[in-house]
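Here's the structure, in structure tokens; my notes come after.
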Amino acid sequence: MSTSSQSPKDIHQRTADSFMIIPPTDLYFIMITPAFELSQDPEFLSLIIRVPYTRTSEFDLFIDGNDFKFFAKPYFLRLSLPGRIVEDGRERARFDIDKGVFTLRVAKETTGEHFEGLDLLTTSSAGAEGEEEEDEEFDWQIEQQVYQETPEEQLRQMHKYGFGNQRTGVFHKLQEELADVIDVMNPESTTAADRRCARQEAETLAFSPDHYLADLFEDDEIKGLLNYKPWWTKCPSDQEGQAGVLFTDEEKEQMRRFTNRSYLLDKTTRGQVWLSLVDILLAYCYEVRSTEGEHNVESPWTVRKLSGTLSWLETYCSLPDVLVSFGRRVLCFPLYRHFDMVLAAIHDTTKILQLGKGCVLKCLLDVHRMFRENEPAYILNDLYITDYCIWIQRVKSKKVNTLASVLQKTLLNKKHLNLELEELEKAAFLVQKEENSAPVSHGNSSSDNSESSESEESESKDPGCADTREKGGGELRQHSPPHSTSTGCTIPQRNFNTPLTANQETTALPAPAHCSRQLIQELEELAITEETRSSRSQQENASTPRVML
């Protein structure tokens, strides 16, 4: 279909970027990729192309199977379609000169065929590249190999990071921004194994048993977050379970700005890319749930802090490694440190993967927007998120569904996190049990009455003492602070009325993890002490102090 004397076959693409040089005559003109939309029904493919600065008599169309080309100076659009279209006389074209919108309706070669991924604009406007993924089954489990010493020359080549471990030297040029973006120092001179060890050590030191127990017992607000329904739970899905994701105009513009790229990844690197994708989605799901879908100034910090990929340039070997890393970081850094928040994020990520790569892309675009609007975090877009937004559009849907199935079957328990959570909870509940079973004296005996009368007579002689007893013996007992152990470790109470921001939270609760073992021992001793006091109170008919949980 052509409306000018120029043949579309003469259109020559000089670059692979969005701007292309086309020689329609002896001169060279800079061509622009127009905004476009694709839709379909069982018989036809519909294209809407916005070309506000052209005339109706100057456009060319070229249709050949999967290839579609459109030329209208100064616009050029080339699409690599997921199915074949034909010119059989049923095609219809219309141009609205007032709106600058060109509409084309062309028949599918196979009636009833569903063209997958039409809403993924970056891959639709790709060139002739094929699928990035080989059609092979991927083993999500760890491949066990005999340890071999790595040569020094090879070690120097391993100090890479970013999407597919394809980047190096980035932070060497950005030393001032390094501390504000990632937690690992000198990434160019640090191996992946060293980063992992440093990350795990930092998590162990950052774990606060006080904060964990506070969230465990004072969990009213956390229960509200767990009941929240994120946007992906409301996405409609087709018979195959794929989501009918609708992208906003802003998200479509984001995708148009991405330059099409080809990723040649070996099997090991490809597995690491998939696992890091799960890691990033887990952090994103926690952030959405913890803010109930309303991003705030702390949202970029939360996403990159909870993702070992983004904060430590981590490369994972298996799904259990990803889940353990994420679980530990949730219990160490953000405001809400509850294990059920970890499980909720895993469930949410599984749901997103089940809905298909369109839903995954929408999440990545949201992360990309958050990082783009945050001054230090934009570097992570260049290292990871932009590449993920492009790459996910070209992978096979079967791989996404397989990953969702494996993630759904992967279990995570508290003992896997290696933070002594079960021992800590057992000691705390033991103290609570002893407190609840301790008898309370109501002062009904005659001896109590006589002692009370003597006390009142004494108070009448000393008004100052009476005032102290009234304030200290009655009101303050009900609002007494948590019981402190000999080392200062406490069973704390959470004050939700004055929440801390993420950065403040990190410095406000710096208790190291070795306090966890010490706190467990002291709580057990405290329980024994309470039992002794309970027995003594029955003999002396005196009340015992309460431990507030």
Side-chain angles (χ1 to χ4, degrees), residues 116-117 119-120 122-123 131-133 135-141 163-164 228-247 251 255 263 265 270-289 293 303 306-310 314-327 330 341-368 384-385 387-412:
E116 181 182 355
D119 53 345
L120 308 181
T122 303
T123 184
E131 285 280 356
E132 292 293 326
E133 297 268 334
D135 191 13
E136 62 179 17
E137 294 296 328
F138 182 76
D139 185 6
W140 300 100
Q141 304 302 319
F163 180 88
Y228 171 71
K229 301 296 183 183
W231 60 264
W232 50 82
T233 63
K234 306 170 187 176
C235 287
S237 57
D238 56 24
Q239 296 179 350
E240 299 178 356
Q242 300 296 301
V245 177
L246 298 178
F247 293 98
E251 290 168 339
M255 287 187 278
Y263 301 98
L265 308 175
R270 197 160 59 245
Q272 293 171 348
V273 167
W274 279 107
L275 295 174
S276 288
L277 172 64
V278 175
D279 181 53
I280 295 171
L281 290 177
L282 287 169
Y284 172 74
C285 289
Y286 175 95
E287 195 285 325
V288 171
R289 185 171 291 277
V303 173
L306 297 187
S307 167
T309 299
L310 302 178
E314 179 67 273
T315 53
Y316 296 99
C317 298
S318 68
L319 272 177
D321 286 348
V322 176
L323 300 186
V324 169
S325 170
F326 172 72
V330 167
M341 290 289 287
V342 178
L343 299 181
I346 296 174
H347 179 269
D348 289 336
T349 302
T350 303
K351 177 65 175 177
I352 290 171
L353 293 171
Q354 289 173 340
L355 290 173
K357 59 184 183 181
C359 190
V360 174
L361 176 59
K362 193 174 182 69
C363 296
L364 292 171
L365 291 173
D366 199 10
V367 175
H368 190 279
Y384 291 98
I385 308 304
D387 288 307
Y388 268 113
C389 289
I390 299 172
W391 171 79
I392 194 63
Q393 299 182 53
R394 302 183 61 79
V395 302
K396 294 184 177 179
S397 298
K398 184 177 71 172
K399 294 291 180 66
V400 181
N401 295 334
T402 301
L403 179 57
S405 177
V406 176
L407 179 59
Q408 189 174 28
K409 298 175 183 177
T410 305
L411 301 179
L412 180 69

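Here CD of Gln354 is found 10.5 Å from CG of Leu403. Values are rounded to the nearest 0.5 Å. Separation of atoms NE2 (His368) and CD1 (Ile385) is listed at 8.0 Å; rounding is to 0.5 Å. For the atom pair CD1 (Ile352) and CG (Leu281), the distance works out to 5.5 Å, reported to the nearest 0.5 Å. For the atom pair CG (Leu412) and CG (Leu319), the distance works out to 11.5 Å, reported to the nearest 0.5 Å. Here Gln272 contributes atom CD and Asp279 contributes atom CG; the two are 12.5 Å apart, rounded to the nearest 0.5 Å. Here Cys285 contributes atom SG and Lys351 contributes atom NZ; the two are 12.5 Å apart, rounded to the nearest 0.5 Å.
When every heavy atom of Ala404 is checked against every heavy atom of Thr350, the shortest pair comes out as O-CG2, 3.7 Å. Scanning both residues, Cys389 and Leu364, for their nearest heavy atoms gives SG-CB, 3.7 Å. The minimum heavy-atom distance between Cys235 and Leu355, with the atom names listed, is CB-CD1, 4.2 Å. The two residues Thr410 and Pro320 come nearest to each other via the heavy atoms CG2-CG, 4.2 Å. Pairing each heavy atom of Glu251 with each of Leu246, the nearest pair is OE1-O, 4.1 Å. The two residues Val395 and Ile392 come nearest to each other via the heavy atoms CG2-O, 3.2 Å.
Residues Lys357 and Ser397 form a side-chain contact, since some pair of their non-hydrogen atoms from C-beta on lies under 4.5 Å apart. Put simply, the side chain of Tyr263 does not reach to within 4.5 Å of the side chain of Arg394, judged on heavy atoms. In this structure the side chain of Leu265 reaches within 4.5 angstrom of the side chain of Val273, judged on heavy atoms. Contact check for Val367 versus Tyr388: no side-chain heavy atoms found under the 4.5 Å cut-off. Residues Asp348 and Arg289 meet the side-chain proximity criterion, which asks for heavy atoms closer than 4.5 Å. For the pair Phe326/Val278, no side-chain contact is recorded, criterion being any heavy-atom separation below 4.5 Å from C-beta on. Looking at Ser307 and Tyr286, their side chains never come closer than 4.5 Å, going by heavy atoms from C-beta outward. Put simply, the side chain of Met255 reaches to within 4.5 Å of the side chain of Leu361, judged on heavy atoms.
Under a 3.5 Å cut-off, the side chain of Tyr316 and the backbone N or O of Leu323 do not form any donor-acceptor pair. At least one donor-acceptor pair under 3.5 Å links the side chain of Thr233 to the backbone N or O of Pro230.
For the residue pair Tyr384 and Thr309, no side-chain donor N or O sits within less than 3.5 Å of a side-chain acceptor on the partner.
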Intermediate values then yes/no, side chain to side chain contact (heavy atoms under 4.5 Å, CB included), Thr349 and Tyr284
CA-CA 9 Å; Thr349 302; Tyr284 172 74; over 6 Å; no

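Results of the side-chain contact (heavy atoms from CB on, under 4.5 Å) test with Leu282 over Val322, Leu277, Val303, Leu306 single out Val322 as the only residue that passes.
Classification of the Trp391-Trp274 ring pair by plane angle, with boundaries at 30° and 60°, yields perpendicular.
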